[in-house]
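See below for the structure under consideration.
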Amino acid sequence: MKVKKMSENLRNLIRSYLQSRPRNTAEIVEHARANMDGTSIEQIEKLLKNDAQVVRVDLVRRSGVLSSGYRICEWATVDWMNNNRRGEQ
């Protein structure tokens with residue numbers, strides 16, 4: 001029961017964080033870890049992929065100090081997407 005409650009709290013935390021604008025996976029992980037103890041990257045990624053109220057918007061490039069960069073997902077809520085279509089802003 002405790003795991004289910006934690007997952008629901010994490011889901012609500014992520015949805016709340018995504019209300020104002022889309023965020024990439026790294027930003028979401030950082031926010032979740034700052035606000036909830038014991039949150040794993042795998043847990044967050046699984047939640048993002050399986051939450052019907054969260055959609056993958058795009059792949060964005062994240063630059064690294066030691067590498068030329070890599071691509072990570074950007075996420076938004078369905079409500080944000082319906083109210084703020086890209087190109088209409």
Side-chain angles (χ1 to χ4, degrees):
M1 191 69 163
K2 189 175 183 178
V3 172
K4 187 174 183 175
K5 180 72 172 166
M6 183 177 169
S7 293
E8 192 61 34
N9 289 342
L10 179 59
R11 177 176 282 110
N12 291 334
L13 178 73
I14 291 172
R15 285 180 184 173
S16 172
Y17 187 56
L18 294 174
Q19 287 299 317
S20 61
R21 66 181 176 92
R23 313 273 183 163
N24 67 49
T25 305
E27 291 172 318
I28 295 167
V29 168
E30 184 177 322
H31 180 74
R33 285 186 168 170
N35 290 284
M36 288 188 74
D37 291 333
T39 305
S40 71
I41 292 172
E42 294 81 13
Q43 185 180 18
I44 294 167
E45 288 177 343
K46 182 178 178 182
L47 190 144
L48 288 168
K49 290 177 184 176
N50 294 319
D51 189 337
Q53 295 301 310
V54 174
V55 294
R56 189 173 78 180
V57 177
D58 203 356
L59 289 173
V60 294
R61 181 165 296 282
R62 179 164 176 139
S63 60
V65 175
L66 300 176
S67 68
S68 61
Y70 52 95
R71 294 167 60 97
I72 58 176
C73 294
E74 185 176 52
W75 305 88
T77 62
V78 171
D79 289 341
W80 189 92
M81 290 297 291
N82 289 335
N83 294 325
N84 301 283
R85 294 271 183 210
R86 293 206 174 197
E88 294 179 11
Q89 295 179 1

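Atom set for the values below is all heavy atoms of this structure, side chains included, hydrogens, waters and symmetry mates excluded.
Around atom CD of Q53, more than 12 heavy atoms belonging to other residues, nucleotides or ligands sit under 6.0 Å away. Within a 6.0 Å radius of CG in N82, other residues, nucleotides and ligands contribute more than 12 heavy atoms.
For the side-chain contact (heavy atoms from CB on, under 4.5 Å) with R23, the lone residue among V29, V60, L18 that qualifies is L18.
The side-chain hydrogen bond (donor to acceptor under 3.5 Å, both in side chains) search around D79 returns none, not counting sequence neighbours. Legend: residues meeting side-chain hydrogen bond (donor to acceptor under 3.5 Å, both in side chains) with T77, ordered by chain and number and at least two apart, are absent. Applying the side-chain hydrogen bond (donor to acceptor under 3.5 Å, both in side chains) test to S40 and every residue at least two apart in sequence or in another chain returns nothing.
When all heavy atoms of V57 and W75 are compared, the pair lying nearest together is CG2-C, 3.9 Å. Of all heavy-atom pairs spanning L13 and A32, the tightest one is CD2-CA, 3.8 Å.
For the atom pair CZ (R21) and CD (E74), the distance works out to 8.5 Å, reported to the nearest 0.5 Å. With values rounded to the nearest 0.5 angstrom, L47 atom CG is found 5.0 Å from L10 atom CG.
Within the 4.5 Å cutoff, the side chain of Q43 has heavy atoms near those of the S7 side chain. The shortest side-chain heavy-atom distance between T25 and I44 does not fall under the 4.5 Å cut-off.
Under the 3.5 Å distance criterion, the side-chain polar atoms of N24 are matched with a main-chain donor or acceptor of A26.
Screening residues 39-55 for salt bridge (Lys or Arg N to Asp or Glu O under 4.0 Å), with sequence neighbours left out, gives R11-D51, R15-D51. Identified under the ring pair (Phe, Tyr, Trp, His ring centres under 6.0 Å) test for residues 19-53, with sequence neighbours left out: Y17-H31.
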Determine, step by step, whether I41 and R33 satisfy the side chain to side chain contact (heavy atoms under 4.5 Å, CB included) criterion, reporting the C-alpha distance in whole Å, the side-chain angles of both residues, the deciding distance to 0.1 Å, and the verdict. CA-CA 9 Å; I41 292 172; R33 285 186 168 170; 3.4 Å; yes
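When the side chains of ILVMFWY residues are joined at heavy-atom separations under 4.5 Å, either directly or via intervening members, W80 and V78 end up in a single hydrophobic cluster.
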